[in-house]
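By convention here, the first residue in the shown sequence is residue 1.
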Amino acid sequence: MSIATVQFESEILERKIMYNALLPDSGEGPFPVMLLLHGYGDNYNSWLQQTKVAVYARNRPMIVILPDGSNTFYLNLATPNSVQPAFHQWGRR
């Protein structure tokens, strides 16, 4: 299993976004994808640092995505004190 850390600029959220991706080293895709969302006050590294998710995913043919939602409750909060549409547009250009 490989762990990739990705950073990109989101035009919608008007900030840089980070996430970790746990990727299988072998097998043929397409692979199922599991998205693990961290809790309030945590970040995209929390699952790796506080759980054994990497151990559990090591020998499974799947991709695990660990996005950083900051403290936004996974809402588009580009403008302070505003609630935009749900996080489904995250990073879309």
Side-chain angles (χ1 to χ4, degrees):
M1 177 187 67
S2 301
I3 300 174
T5 300
V6 178
Q7 178 181 7
F8 66 95
E9 185 72 32
S10 170
E11 292 177 17
I12 291 171
L13 298 178
E14 298 175 359
R15 64 184 173 94
K16 290 183 179 164
I17 300 295
M18 302 277 295
Y19 68 89
N20 286 317
L22 284 61
L23 306 167
D25 286 332
S26 62
E28 288 195 32
F31 295 105
V33 177
M34 179 170 63
L35 184 67
L36 291 178
L37 306 179
H38 64 75
Y40 187 81
D42 288 334
N43 63 36
Y44 66 101
N45 285 314
S46 297
W47 281 104
L48 291 176
Q49 295 171 346
Q50 299 172 20
T51 73
K52 294 182 180 181
V53 67
V55 173
Y56 299 142
R58 183 178 303 141
N59 296 317
R60 292 186 169 65
M62 63 187 301
I63 296 170
V64 181
I65 302 295
L66 313 168
D68 188 12
S70 190
N71 289 328
T72 65
F73 299 104
Y74 296 94
L75 298 173
N76 291 346
L77 298 175
T79 305
N81 302 317
S82 71
V83 178
Q84 302 295 323
F87 210 63
H88 72 278
Q89 295 180 11
W90 180 65
R92 188 180 297 170
R93 295 182 182 249

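- Summarising the geometry, atom CG belonging to Leu23 is positioned 9.0 Å from atom CZ belonging to Phe31; distances are rounded to the nearest 0.5 Å.
- Between Pro67 and Leu35, some side-chain heavy-atom pair lies under the 4.5 Å cut-off.
- Looking only at atom types and distance, the side chain of His38 has no donor-acceptor partner in the side chain of Asn45 under 3.5 Å away.
- The minimum heavy-atom distance linking Val53 with Trp47 is given by the pair CG1-O, 3.6 Å.
- Contact detail for Pro32 and Pro61: the closest heavy-atom pair is CD-O, 3.3 Å.
- Environment of CD in Gln49: crowded, with over 12 heavy atoms of neighbouring residues, nucleotides or ligands closer than 6.0 Å.
- Of the inter-residue distances, the one linking Met62 atom CE with Met1 atom CE reads 11.0 Å to the nearest 0.5 angstrom.
- Ser2 is linked by a side chain to side chain donor-acceptor pair (under 3.5 Å) to Asp25, counting only residues two or more places apart in sequence or in another chain.
- The CD1 atom of Ile3 lies 8.5 Å from the CG atom of Leu66; values are rounded to the nearest 0.5 Å.
- Rounded to the nearest 0.5 Å, atoms CE (Met34) and CD1 (Ile63) are 11.5 Å apart.
- Across all their heavy atoms, Ala54 and Leu22 have their closest contact at CA-CD2, 3.8 Å.
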